[in-house]
Amino acid sequence: MRNSRIGDLMKPFEYFAPQSLDEAISIFDNANEVGDTRGLIGGSDLIDQVRNGRREPDKVVNLKGIPETNRLEWIEGDGLHLGSAVSCSLTAAFPKIKERYYGLYQACGLVGSVQIQNRASVAGNVCNSTPSADTVPSLLSYNAKALLVSSKGERIVELNNFFTGPGRNIMEANEFLVEIILPDLGENTYSRYQRFIPRNEMDIAVVGVGSFVKLDNQNKCISSGISLASVGPTPINAKDAEDFLIDKEFTKENIEEASKLAPNSATPISDVRGTAEYRKKLIKVLTSRTLSECLEDSL
């Protein structure tokens with residue numbers, strides 16, 4: 001039976017399914033002269049938003065038929081090229097993800113149900129730009145970048161500079177994301193992602209933490225990334241904690257000190273799911289846990 005409430009709220013839109021990058025560029029360029037154009041990958045966020053009247057796009061462009069958005073390629077010394085249309089399930093199944101980017105591997109398995117993971121993509125999680133996005137903290141900890149394309153050409157931006165607010169980012173109206181580039185982090189690198197949720201399944205993180213470290217042969221930390229979800233208007237880096245670990249031996253004691261510094265960058269709010277103070281305590285706990293797991297892997 002037709003749901004009249006959804007039907008009344010849902011605004012008609014034009015649908016496009018380009019088969020090439022040039023075709024998609026042309027659609028975005030022309031469509032954005034008037035109205036709102038949205039790229040579609042899995043649609044697990046966009047379709048729900050449209051059905052409930054939270055977004056009213058004039059054009060929806062399905063990007064899954066474009067070869068470049070389906071790229072999933074590892075290049076030694078360069079890194080991983082993760083196309084925007086590659087699902088979370090395919091991402092997690094790619095051997096180099098589990099081998100080199102374990103935190104992202106874990107996060108891909110937490111994006112909704114298995115059915116959603118088969119549809120949703122890491123890039124879609126990025127473009128939706130919610131502060132609670134599970135795959136984003138690990139990407140930030142790796143210093144990942146996004147390749148954006150429009151009629152003006154290509155530009156590569158660091159994801160650390162991508163988010164501007166809840167549901168907002170730096171993409172211009174006629175731009176779309178083609179791929180995410182994860183750098184080759186080299187050897188002796190370790191990463192983990194953990195989140196806290198009130199229920200076991202299908203919930204949004206009250207706090208999420210993605211941690212990454214690179215160690216030298218003397219067990220000294222030479223690079224680190226600690227990124228947080230659900231504790232600010234955007235995903236953020238725990239800069240004080242990251243800086244503390246650099247050039248120090250990677251030990252339990254230094255992990256605990258770094259964990260105490262991790263909440264310094266956070267600006268959490270209090271809501272029905274937890275108070276600001278509770279979220280800050282969770283940051284410490286999850287930072288300690290993720291870094292401790294990295295330590296165990298390094299031994």
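Not measured: the values here are computed from a predicted model.
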About how many Å separate [atom2] of [Y] and [atom1] of [X], when rounded to the nearest 0.5 Å?
X	Y	atom1	atom2	result
I236	S230	CD1	OG	10.5 Å
N125	T91	CG	OG1	10.5 Å
L40	C127	CG	SG	11.5 Å
S121	L90	OG	CG	10.5 Å
N174	F28	CG	CZ	9.0 Å
F13	D58	CZ	CG	10.5 Å

Given 3.5 Å as the limit, does a donor-acceptor pair link the side chain of [X] with the main chain of [Y], or not?
X	Y	answer
S26	E23	no
N219	F250	yes
S191	Y102	yes
Q117	G109	yes
S265	N237	yes
S141	S138	yes
K214	L185	yes
S270	A276	yes

Scan the side chains in residues 176-184 for donor-acceptor partners under 3.5 Å anywhere in the protein, sequence neighbours excluded, and list what turns up.
unit_1: E179; atom_1: OE1; unit_2: R71; atom_2: NH1; d: 3.4
unit_1: E179; atom_1: OE2; unit_2: H81; atom_2: ND1; d: 2.7
unit_1: D184; atom_1: OD1; unit_2: R100; atom_2: NH1; d: 2.9
unit_1: D184; atom_1: OD1; unit_2: G186; atom_2: N; d: 3.0
unit_1: D184; atom_1: OD2; unit_2: G77; atom_2: N; d: 2.8

Give the cluster check for [X] versus [Y]: same hydrophobic cluster or not, with ILVMFWY residues linked at side-chain heavy-atom distances below 4.5 Å.
X	Y	value
V86	L104	yes
I197	V272	no
F94	L147	no
I66	L82	no
L291	Y193	no

> Strictly under 6.0 Å, is that where the ring centroids of Y142 and Y101 end up?
Replying inline: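 Yes: the rings meet the under 6.0 Å criterion.
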> Can you list every pair that meets salt bridge (Lys or Arg N to Asp or Glu O under 4.0 Å) and has a residue in residues 138-156, with sequence neighbours left out?
Replying inline: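 Qualifying pairs: K152-E172, R155-E175.
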>> Show me the pairs that pass salt bridge (Lys or Arg N to Asp or Glu O under 4.0 Å) and involve residues 272-285, at least two apart or across chains.
In response: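 Checked against salt bridge (Lys or Arg N to Asp or Glu O under 4.0 Å) - neighbours excluded - the pairs reaching residues 272-285 are D271-R279.
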Could you go through residues 239-249 and list every donor-acceptor pair under 3.5 Å that involves a side-chain atom there, pairing it with any protein atom two or more places apart or in another chain?
unit_1: D240; atom_1: OD2; unit_2: N264; atom_2: ND2; d: 3.0
unit_1: E242; atom_1: OE2; unit_2: I226; atom_2: N; d: 2.8
unit_1: K248; atom_1: NZ; unit_2: F244; atom_2: O; d: 2.8

For the residue pair [X] and [Y], what are the closest heavy atoms and their distance?
X	Y	result
L80	I97	CD2-CD1, 3.2 Å
L215	C221	CD2-CA, 3.7 Å
P18	I27	CB-CD1, 4.0 Å
L228	P137	C-CG, 4.3 Å
C294	R192	SG-N, 4.0 Å
A146	L159	CB-CD2, 3.8 Å

>> Evaluate V209 against V207 for side chain to side chain contact (heavy atoms under 4.5 Å, CB included), listing each step before the verdict.
In response: CA-CA 7 Å; V209 176; V207 173; 4.2 Å; yes
> Who pairs with T290 by side chain to side chain donor-acceptor pair (under 3.5 Å), at least two apart in sequence or on another chain?
Replying inline: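 Checked T290 against side chain to side chain donor-acceptor pair (under 3.5 Å); matches are S211.
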>> Let's go through F162 and V126 carefully: what are the C-alpha distance in whole Å and the side-chain angles of both, what is the deciding distance for side chain to side chain contact (heavy atoms under 4.5 Å, CB included) to 0.1 Å, and is it a yes or a no?
In response: CA-CA 9 Å; F162 185 81; V126 169; 3.6 Å; yes
> Please walk me through it: do R38 and V61 pass side chain to side chain contact (heavy atoms under 4.5 Å, CB included)?
Replying inline: CA-CA 6 Å; R38 294 282 163 178; V61 186; over 6 Å; no
> Any side-chain heavy atom of V60 sitting closer than 4.5 Å to one from E14?
Replying inline: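 No, their side chains stay 4.5 Å or more apart.
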>> Any heavy-atom pair between the side chains of V149 and I25 that's under 4.5 Å?
In response: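 Yes - at least one pair of side-chain heavy atoms lies under 4.5 Å apart.
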Any luck finding a side-chain donor-acceptor pair between [X] and [Y] under 3.5 Å?
X	Y	value
N188	D216	no
S87	N118	no
E293	Q194	yes

>> What verdict does the side chain to side chain contact (heavy atoms under 4.5 Å, CB included) test give for L148 and M171, after you've listed the backbone C-alpha separation in whole Å, the side-chain angles of each residue and the deciding distance to 0.1 Å?
In response: CA-CA 8 Å; L148 306 179; M171 283 198 298; 3.8 Å; yes
>> Applying side chain to side chain donor-acceptor pair (under 3.5 Å) to T164 and N169, what does each step give before you reach the verdict?
In response: CA-CA 5 Å; T164 59; N169 56 59; over 6 Å; no
> Got a sec: does the CD of E187 have more than 12 other heavy atoms crowding it under 6.0 Å?
Replying inline: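 No, not enclosed.
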> Taking only residues two or more places apart in sequence, or in another chain, which ones meet P235 in a side-chain contact (heavy atoms from CB on, under 4.5 Å)?
Replying inline: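 With neighbours one apart ignored, the set is V136, L140, F163.
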